[in-house]
Every structure is written in structure tokens, then in C-alpha cells.
Amino acid sequence: FLNDVNKETKKLLESYVEEIKNAIEATEGNPPREALASNIINEINDTFLSNFDIEEQWHDIFPMLEAVARKIKTFHLGSSGDKLDYEAFKANGLVCIVVGGHKLSRGVTFEGLSVTYFARNSKMYDTLMQMCRWFGYRDNYQDLCKVFMPKQSFNWYSHIARAINDLYIDLEEMERQYKTPENFGLKIRSHPDSLLITARLKMHTAKERIHKIDLW
């Protein structure tokens, strides 16, 4: 079922990308400001201004649009989807939009990834952490990397980040005391609502405890 949804999403994206390419081609020879008379070019400018805080201005970006748009290709990665082969586009480079689900979130790392629309969800810490394969370490690209996700996912990842930081503090304390997990007792902050740390079957000897904090 989800494969069918992804295939339809790819078709919609291809149609929209074609509209964008046509608009860019039609305004290519115009001055940057005049090109904004096109609704699609105006949308691109709005996106550039609202989402990217970089030194370059619209008049720097506009002349590059046509060369980049020509390289854009759309792929669907799924059980019966397309094959993304970077070598096939080595001569001129590739700008791609990739649609997918399980395979994308837990099994593929993309070269030069800059923007992610992340809609998948899970109610377990460990699964969510496997899914956040977004950017890695890319010097000089931080201002171009963007993640878009539902507010609920954002809140869940924020909670998991805090829980992991707490765990790191415990691990450092365990190391200072020359102890091991067997005789130290590691803890992971639970979620007050719906998130689970991992599947119940994987919990083994883990136990729930209320940890009181003295605010004094």
C-alpha cells in the first residue's frame, strides 16, 4: 500500500518539477527582478528568502537555476522502485528528489543530502534513532541543510536528545567510578506520554523506577 502512495507522490513531484523547469526556461534571459512576475519563480524566491540565511542574494542565485534544474531527476526507492546509481550521472552531476519509506529511513545514505522531508513515525526511541540518517558531517554546508518534519516528530526527537544526554552523563560517571553496567545501574529517561524506549520484548531485565529530583 505504502509503495503505491510513494509512486503516486513521485508522479506528482515529477509534474511539479516539470512546471518549475518550464518557468525557469521561460524566464532565463530576464533580469532577476523581472523574472519574479512568474508565480513559480516568485515562489522559488520566497522559499530562498524564508529558509536560507546565506550570503548570496537572489541576483546571485537566479542565473544558476537553469543549470541546476536541468539536472533534477526524481526517484522512487522501494521494493520495486528505481535504482539510484550515482556513477551513471558522474559526467554532469545529479540533483535528485528521492521518495521512499522504510528503505530511505533505515537503509540508505545519500551523497550530498541537503533537504529532508521526514514524515515517518515510530513510538520507540531506538527505531526513531535508526531513522534519523539525515546529514552526517559536512563542513561548510550547515547553512544549506534543512529538515522538515511534523511537530510531533520534532518534540519526540527533542525528548530523545535529552534522554541520550542524560545517559552520556551517567556513562561518564560510571567510568569515573571504574564500574560496569552490571554494578552501576544505568537509567534512561522515559517519555511521559506515548514513546517507548524499545520494544517490550527487548527490555529483558530492565525495570521502571520513579526518579525523584530535589529542586532545592
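Any value given below was found using the heavy atoms of this structure, including those in side chains, with hydrogens, waters and symmetry copies removed.
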[X] versus [Y], closest heavy-atom pair with distance:
X      : Y      : answer
Trp156 : Ser122 : CZ3-O, 3.0 Å
Lys71  : Leu94  : O-CD1, 3.9 Å
Thr27  : Ser38  : CG2-CB, 4.2 Å

Which residues pass the side chain to side chain donor-acceptor pair (under 3.5 Å) test with Thr198, sequence neighbours left out?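 Testing Thr198 for side chain to side chain donor-acceptor pair (under 3.5 Å), a comparison that skips the adjacent residues, returns Asp126.
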Results of side chain to side chain donor-acceptor pair (under 3.5 Å) for Asp82 - residues two or more places apart only: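 With sequence neighbours excluded, Asp82 shows a side chain to side chain donor-acceptor pair (under 3.5 Å) to Lys10, given in chain and number order.
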Remaining members of hydrophobic cluster (4.5 Å side-chain criterion), Tyr141: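 Its cluster mates, by chain and number, are Tyr16, Ile20, Ile24, Leu36, Ile40, Ile41, Ile44, Phe48, Leu49, Phe52, Ile54, Trp58, Ile61, Phe62, Leu65, Leu144.
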Rest of the hydrophobic cluster containing Met203 (Ile/Leu/Val/Met/Phe/Trp/Tyr, side-chain heavy atoms under 4.5 Å)?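 Met203 shares its hydrophobic cluster with no other residue.
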Within-4.5 Å side-chain heavy-atom neighbours: [X] and [Y]:
X      : Y      : answer
Phe110 : Leu77  : yes
Phe118 : Cys132 : no
Val147 : Tyr157 : no
Leu12  : Glu8   : no

Please name all residues satisfying salt bridge (charged side-chain N to carboxylate O under 4.0 Å, His left out) with [X], sequence neighbours left out, ordered by chain then number.
X      : value
Lys151 : none
Lys7   : none
Glu19  : none
Glu66  : Arg70

Sequence neighbours excluded, every pair satisfying salt bridge (Lys or Arg N to Asp or Glu O under 4.0 Å) that has a member inside residues 45-61: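 Every pair satisfying salt bridge (Lys or Arg N to Asp or Glu O under 4.0 Å) with a residue in residues 45-61: there are none.
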Check: Gln152 main-chain N/O paired with Asn155 side-chain donor or acceptor under 3.5 Å: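 Side chain of Asn155 to backbone of Gln152, a donor-acceptor pair under 3.5 Å: no, none is there.
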Are more than 12 heavy atoms from other residues, nucleotides or ligands located less than 6.0 Å from atom [atom1] of [X]?
X      : atom1 : answer
Lys73  : NZ    : no
Glu25  : CD    : no
Phe154 : CZ    : no

Residues 159-174, side-chain donor-acceptor partners within the protein, below 3.5 Å, at least two apart:
{"unit_1": "His159", "atom_1": "NE2", "unit_2": "Tyr125", "atom_2": "OH", "d": "2.7"}
{"unit_1": "Asn165", "atom_1": "ND2", "unit_2": "Ala161", "atom_2": "O", "d": "3.3"}
{"unit_1": "Asp166", "atom_1": "OD2", "unit_2": "Arg189", "atom_2": "NE", "d": "3.0"}
{"unit_1": "Asp166", "atom_1": "OD2", "unit_2": "Arg189", "atom_2": "NH2", "d": "2.8"}
{"unit_1": "Asp170", "atom_1": "OD1", "unit_2": "Lys187", "atom_2": "NZ", "d": "3.3"}
{"unit_1": "Asp170", "atom_1": "OD2", "unit_2": "Lys187", "atom_2": "NZ", "d": "3.0"}
{"unit_1": "Glu173", "atom_1": "OE1", "unit_2": "Arg176", "atom_2": "NE", "d": "3.2"}
{"unit_1": "Glu173", "atom_1": "OE1", "unit_2": "Arg176", "atom_2": "NH2", "d": "2.7"}
{"unit_1": "Glu173", "atom_1": "OE2", "unit_2": "Gln177", "atom_2": "NE2", "d": "2.7"}

Non-neighbouring partners of Asp193 that pass side-chain contact (heavy atoms from CB on, under 4.5 Å), sequence neighbours left out: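 In terms of side-chain contact (heavy atoms from CB on, under 4.5 Å), with neighbours along the sequence ignored, Asp193 is linked to His191.
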Sequence neighbours left out, what passes side-chain contact (heavy atoms from CB on, under 4.5 Å) with Ala199? Give chain and number order.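 Ala199 satisfies side-chain contact (heavy atoms from CB on, under 4.5 Å) with Met124, Lys202 only.
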Does the pair Glu14 and Lys11 meet the rule for a salt bridge (charged side-chain N to carboxylate O under 4.0 Å, His left out), with working shown? CA-CA 5 Å; Glu14 284 177 328; Lys11 288 180 184 176; over 6 Å; no
